[in-house]
Novice: 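The following block contains the structure, expressed as C-alpha cells.
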Amino acid sequence: MAQKPSIPKGTRDFSPTEVAKRNYIIQTIKKHFEVYGFQPIETPSFENSETLMGKYGDEGDRLIFKILNSGDFISKVDDVTYSSKNSASLTPKITEKALRYDLTVPFARYVVMHQNEIDFPFKRYQIQPVWRADRPQKGRFREFYQCDADVVGAKSLLQEVEFVQLYDAVFTALGLKGTTIKINNRKVLSGIAEVIGAKHLLIDFTVALDKLDKIGEEGVKKEMLAKGISESAIDKASPLFAMSGSSMEQLEQLKSLLVESEIGMAGVAELDEITRNVEALGLQSAQLQLDVTLARGLNYYTGAIFEVSAPEDVKMGSIGGGGRYDDLTGIFGLKDISGVGISFGLDRIYLVMEELNLFPSSVSKSVDVLCVNFGNQESMAALKLVNQMRAKGIKAEVYPTNTKMQKQMKYANSRNIPYVVLIGAQELEQEQFVVKDMAQGTQQTYSLGNSEEFTEHL
RNA sequence: GUGGUUGUAGCUCAGCUGGUUAGAGCGCUGGAUUGUGGUUCCAGAGGUCGCCGGUUCGAACCCGGUCUUCCACCCCA
C-alpha cells in the first residue's frame, strides 16, 4: 500500500525559485563576511551530546534533538535507570550524539580543539543549518540556517563597532531598509541588578525586563514580584521603564542610576564607546538603538548584546542576534579567550524580504536564453549557437522537443527567460537567428557567424 | 512542554440548522492561431473534503483521536 509522503513538522522542501532566493541572501552575506576578513569553517551536523548539553540552559537542553545510539543500546542500560522511567536519567545513556543547536558552541569547541593551528585573533564565518525541537510557528522552524561571524582572541571594542557596520552593510545590500540594531550590555544589566539588590536574581530580573515592550510596565513588575524580587528593588529599577531619548541621553540616565556599581559603569562606558564610534562612522540604512531591556542569550554573553529587528511594518521576531562572550571556550578548557559575534537568521530574512517584495526578478531567472526547437536540423544549429554562448558563461538551452511554438514560448515566459532565440528553416537558410526580447516583445535578427553581436549585450 | 487554531481542485478560498451528481476565481490542457509568450474568446480535465474511528437512514458539516498549519505562553534566528 502506497503511503502518503510527508516531511517532519517544522521542516520544508525548497523549490528551484526558493533555493535561488535563499542563495541570493547567502551569497550577499558571504560576500560581506569575506570583505570584512572572515574565513569560512564548517562543523559536523551532530556533536557529542556533552558538547551541547548544559550550554543553553534547561530550556535549551529540552530543545536539543538527541540522536538515538546505534545497536542494541537498550540492553546496555542498567536496570535501575531502565525501570526508573525517568527521561532525564535515561536519555544520556541512550543518546551519545545530538544535532547542532546553534553555531556558536560548536565554534567554541572548534577553537579549543584547533587552538594550535589557529592564528589569533581568529575571524571565522559559518553558514549551516541548525536544529531545534521547538514547536513551529511563523518564522520558527525545527531546521533552519544561521549565518554566523565571530572573532575570538581580541578584546577590543572595535569588533563590536565593525559588527554593527557589517549588519548595516548586509541589510543595505539586500535592500532591507529600516532595520533596527538593538544594543545592550550584560554588564549594565548586572550593574542594575546589583544596585537594586537583586544580584542573585539577575536572570529572572532581565528575562522579565526583556518583556517590557510586550507586556508593559505593570506586567513586568508583576513578573518580577512573582520571581521573588522585592518591591523596593523594583522601585529602584523603575527609571528603566521610562528610559527615553537618544542613546546618548539614555546613557546619561544610566550613569546616574549606576554610579554605585563598578561593573554597571564599565558596561555604560563600553556602550558609550561603541555608540560614539558607530555614530562617527555612520550607517547606511540601519539604525543603532540602545535598548536596556534587551536581554537575550544571557547564558553566555558577558558584554555587548545585539539583536536585529525587521522593519517596523513587518511582523517578525528578530532576524539576527549576537554579542560578546568573554569565556565561552573556558567550558572546554581554554581560558581567557574573548569572543564576539553576530548571527543572521536566513529563513526569517527570507520571509521578510518576500513580504516586502525585495527579491530582484533576476534572482529567479533560470536561464538567459532559450532556443526554440524547430526540428532536427534547426535544433543542431541552435545547439551550436548555445555552445558558443555557454563558452562565454551565458546560461543557454535548447527546448528539447519539437513541439508547437506556442508551447515553447509559454514555457520561456513562465520560466522568466529574458531572451528567446528562433532558428527555423528560413533563418537556417540565410544563416541567421532571430532574438526575441521577452520583456519588450521586440525582435532582432543577427548573423549566425557573428553571434557576439548579440551576446556582448548580455 | 502548556493552551488554542487551521486543513475542501495545483493555488486562494466559498459550501445554509447534517440531505442526492461538492462550487468559484486563478492556474493547467486543448482549440480559435500549422513561426510567436505575457492580453482576449471557446471547450475540457482535475477533489479518498488531512488521516483514522464513532454518532446517524444519511457526515465536508456533529463527536473522539491523530497529523499538519498558524497563534499565545515558554524560548528564540
Side-chain angles (χ1 to χ4, degrees), chain A residues 1-12 15 25 29 56-64 87-88 100-104 127-148 167 203 207-208 210-211 214-215 219 223 294-299 305-310 315-322 341-352 370 372-375 378 399 402-428 433-443:
Chain A
M1 194 163 68
Q3 61 168 1
K4 200 173 185 177
S6 64
I7 56 174
K9 185 202 307 212
T11 65
R12 296 148 299 157
S15 67
I25 299 174
I29 292 173
Y56 310 99
D58 291 344
E59 189 68 13
D61 282 358
R62 204 197 84 215
L63 298 176
I64 291 172
S87 304
R100 183 168 59 212
Y101 177 86
D102 75 353
L103 301 178
T104 308
I127 299 175
Q128 291 191 277
V130 303
W131 295 269
R132 296 184 187 177
D134 211 348
R135 191 176 285 209
Q137 282 182 33
K138 185 180 181 184
R140 174 181 292 199
F141 308 99
R142 295 181 126 182
E143 177 182 60
F144 62 97
Y145 268 71
Q146 289 193 331
C147 314
D148 276 31
Y167 265 139
I203 301 286
V207 164
D210 190 44
K211 295 174 188 165
K214 209 167 180 177
I215 60 179
E223 179 162 334
L294 176 61
R296 297 302 169 90
L298 281 172
N299 285 301
I305 304 171
F306 296 112
E307 179 170 300
V308 184
S309 43
K315 202 163 176 280
M316 180 63 66
S318 57
I319 56 175
I342 59 171
S343 180
F344 290 83
L346 168 67
D347 304 81
R348 288 188 178 175
I349 292 171
Y350 181 102
L351 289 172
V352 170
L370 175 79
V372 173
N373 188 324
F374 284 100
E378 293 90 335
Y399 194 90
N402 173 18
T403 54
K404 55 195 313 186
M405 184 150 168
Q406 184 176 221
K407 186 169 177 155
Q408 300 189 43
M409 293 299 283
K410 257 188 158 159
Y411 179 78
N413 191 57
S414 59
R415 280 185 71 201
N416 215 349
I417 297 170
Y419 297 101
V420 170
V421 163
L422 307 172
I423 306 175
Q426 256 181 55
E427 285 79 11
L428 202 52
F433 66 99
V434 171
V435 176
K436 173 153 185 170
D437 179 326
M438 294 297 278
Q440 307 296 320
T442 54
Q443 292 186 180

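Every heavy atom of this structure was used, including side-chain atoms; hydrogens, water molecules and symmetry mates were not.
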Novice: Ignoring backbone atoms, establish whether Lys211(A) has a side-chain N or O less than 4.0 Å from OP1 or OP2 of C75(B).
Specialist: yes
Novice: Between Ser343(A) and Asp148(A), does any side-chain donor sit less than 3.5 Å from a side-chain acceptor?
Specialist: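 The criterion, which ignores hydrogens and geometry beyond distance, is satisfied for Asp148(A) and Ser343(A).
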Novice: With a 4.0 Å cutoff (strictly under), does any side-chain N or O of Lys315(A) reach OP1 or OP2 of A72(B)?
Specialist: yes
Novice: Main chain of Leu428(A), side chain of Glu378(A): is a donor-acceptor contact present, judged purely on distance under 3.5 Å?
Specialist: no
Novice: Is the backbone of Met316(A) close enough, under 3.5 Å, to the side chain of Arg348(A) for a donor and an acceptor to pair up by distance?
Specialist: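 Checking the backbone N and O of Met316(A) against the side chain of Arg348(A), no donor-acceptor pair under 3.5 Å is found.
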Novice: Verify the contact: side-chain N or O of Lys404(A) to OP1 or OP2 of G31(B), cut-off strictly under 4.0 Å; return yes or no.
Specialist: yes
Novice: So, Phe144(A) and A77(B): ring centres less than 5.5 Å apart, planes less than 30° off, yes or no?
Specialist: yes
Novice: So Glu427(A), base contact, sugar-phosphate only, or nothing? Heavy-atom distance under 4.0 Å.
Specialist: base
Novice: Hey, is the side chain of Lys9(A) poking within less than 4.0 Å of OP1 or OP2 on U68(B), counting only N and O atoms?
Specialist: yes
Novice: For the residue pair Phe306(A) and Tyr167(A), categorise the inter-ring angle as parallel (less than 30°), tilted (30 to 60°) or perpendicular (more than 60°).
Specialist: perpendicular
Novice: Is Gln406(A) near enough to G37(B) that one of its side-chain N or O atoms lies under 4.0 angstrom from OP1 or OP2?
Specialist: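 Checking Gln406(A) against G37(B): at least one side-chain N or O falls below 4.0 Å of OP1 or OP2.
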Novice: Do any side-chain nitrogens or oxygens of Gln408(A) fall under 4.0 Å of OP1 or OP2 in G37(B)?
Specialist: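 Indeed not, no polar side-chain atom of Gln408(A) lies that close.
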Novice: Go ahead and name the base partner of G25(B); Watson-Crick or wobble counts if both distances stay under 3.5 Å, otherwise write none.
Specialist: C11(B)
